[in-house]
Amino acid sequence: PWIYGRDIVAFGGQSGAAQTAEVKNIALATNATAAGFHTIKLINITNGEAPFQFKSYEIEVAAGATPTTQCTAFAAAINADLPDFVSSITNNGTDIDFTGFKKGQVKADGSIANELTAIDIVFETVTGGAEGDNGTTDTVSDTTVGSRGNGDGFYIREMEEELRGTTYG
């Protein structure tokens with residue numbers, strides 16, 4: 001390794017802990033009261049700076065469509081074209097979990113995730129051509145808050161590569 005024992009000046013005393021990927025959840029409640037369109041927009045907020053990468057999915061809903069019916073339609077649409085910043089989705093009936101990537105995981109396009117993925121979710125309804133309420137409500141929550149962990153080899157390797165050649169030739 002590029003870090004020599006004599007260069008370690010402090011030890012934090014923390015035990016190693018594995019990374020955990022962020023899992024974001026959207027739960028739909030109440031039946032649609034009118035026919036219309038529903039949209040879920042997934043936003044990659046990993047870098048914290050606009051412009052953010054995003055992907056939108058729109059489904060047509062009939063009056064009386066249940067949250068289970070809507071989640072099933074959304075899951076099918078999203079699985080057919082999963083964005084490269086989402087590792088997987090899980091349809092739980094009336095809610096959907098979106099799992100991001102941990103640093104070092106291989107994405108669908110073959111690239112390596114450089115950072116822990118952070119995701120945001122927006123839900124919109126359109127009825128009669130105008131944005132508005134058609135009865136279905138949503139709640140977005142963090143099922144699992146992403147964590148970089150402690151002592152992960154990917155972060156140590158990154159630090160070593162950034163310091164390469166700065167002190168020892």
Side-chain angles (χ1 to χ4, degrees), residues 1-5 7-8 10-28 37-60 67-124 138-169:
W2 286 88
I3 301 172
Y4 297 98
D7 294 334
I8 298 176
F11 170 64
Q14 293 182 333
S15 299
Q19 296 181 72
T20 54
E22 177 179 82
V23 180
K24 204 73 150 186
N25 176 278
I26 184 166
L28 301 181
F37 295 90
H38 289 180
T39 302
I40 286 180
K41 183 182 291 186
L42 302 175
I43 307 165
N44 181 359
I45 57 172
T46 302
N47 68 359
E49 297 178 13
F52 296 111
Q53 179 185 11
F54 67 91
K55 185 98 176 148
S56 294
Y57 300 91
E58 183 178 81
I59 61 167
E60 187 170 3
T68 302
T69 303
Q70 295 173 52
C71 283
T72 300
F74 271 125
I78 294 166
N79 273 323
D81 188 19
L82 197 64
D84 66 358
F85 55 89
V86 175
S87 174
S88 64
I89 70 162
T90 304
N91 181 5
N92 302 310
T94 59
D95 63 281
I96 302 173
D97 289 333
F98 298 86
T99 304
F101 286 98
K102 296 183 284 187
K103 183 179 179 79
Q105 281 188 303
V106 178
K107 298 189 207 179
D109 63 3
S111 66
I112 304 294
N114 294 327
E115 194 60 59
L116 196 66
T117 305
I119 303 167
D120 200 5
I121 302 172
V122 176
F123 178 75
E124 299 171 336
D138 73 298
T139 304
V140 175
S141 61
D142 287 316
T143 303
T144 304
V145 177
S147 170
R148 292 178 62 166
N150 293 319
D152 193 302
F154 293 110
Y155 291 102
I156 298 293
R157 188 180 94 212
E158 181 182 325
M159 183 177 71
E160 290 175 345
E161 288 175 354
E162 288 175 0
L163 295 176
R164 188 175 293 170
T166 59
T167 305
Y168 300 103

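By convention here, the first residue in the shown sequence is residue 1.
Without hydrogens or angle criteria, Gln19 side chain to Lys103 main chain gives a donor-acceptor distance under 3.5 Å. Looking only at distances, no side-chain donor or acceptor of Thr39 sits under 3.5 Å from a matching main-chain atom of Glu58. Within the 3.5 Å criterion, the main-chain N or O of Lys107 finds no donor-acceptor partner in the side chain of Ser111. Listed for the Glu22 side chain is no donor-acceptor partner under 3.5 Å among the backbone atoms of Asp142. Here the side chain of Thr117 pairs no donor or acceptor atom with the backbone of Gly100 at under 3.5 angstrom.
Going from atom CD of Gln53 over to atom CD1 of Ile45 covers 12.5 Å, rounded to the nearest 0.5 Å. Here Ser147 contributes atom OG and Lys102 contributes atom NZ; the two are 10.5 Å apart, rounded to the nearest 0.5 Å. Rounded to the nearest 0.5 Å, atoms CD1 (Ile78) and CZ (Phe98) are 4.0 Å apart. Atoms NZ and CG, from Lys55 and Leu42 in turn, are 9.5 Å apart once rounded to the nearest 0.5 Å. Here the NZ atom belonging to Lys24 is positioned 7.0 Å from the CD1 atom belonging to Ile121, to the nearest 0.5 angstrom. Interatomic distance, Ile43 CD1 to Phe85 CZ, rounded to the nearest 0.5 Å: 8.0 Å.
The two residues Leu82 and Val86 come nearest to each other via the heavy atoms CD2-O, 3.6 Å. Residue Phe101 comes nearest to Ala21 through the heavy atom pair C-CB, 4.4 Å, listed as atom of the first residue, atom of the second, then distance. Scanning all heavy atoms of the two residues, the minimum distance from Cys71 to Leu28 falls at SG-CD1, 3.9 Å. The nearest pair of heavy atoms linking Pro83 to Tyr57 is CD-OH, 2.9 Å.
Among residues two or more places apart in sequence or in another chain, the side chain to side chain contact (heavy atoms under 4.5 Å, CB included) test is passed with Thr90 by Asn92, Asp97. Residues passing the ring-ring contact (aromatic ring centres under 6.0 Å, His included) test with Phe37: none are found, sequence neighbours excluded. Shown here are the side chain to side chain contact (heavy atoms under 4.5 Å, CB included) partners of Ser141, two or more places apart in sequence or in another chain: Asn25.
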Let me see the working for Val106 and Ile112 under side-chain contact (heavy atoms from CB on, under 4.5 Å), right down to the final yes or no. CA-CA 5 Å; Val106 178; Ile112 304 294; 3.6 Å; yes

Run the numbers on Ile40 and Val122 for side-chain contact (heavy atoms from CB on, under 4.5 Å), then give the verdict. CA-CA 6 Å; Ile40 286 180; Val122 176; over 6 Å; no

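A cation-pi arrangement is present between Lys41 and Phe54, with the terminal nitrogen or guanidinium carbon under 6.0 Å from the aromatic centre and inside a 45° cone about the axis.
The aromatic rings of His38 and Phe123 sit perpendicular, their planes meeting at an angle over 60°, well past the 30° parallel limit.
Gln70 has its side chain within reach of Ile59: a pair of non-hydrogen atoms, C-beta onward, lies under 4.5 Å apart.
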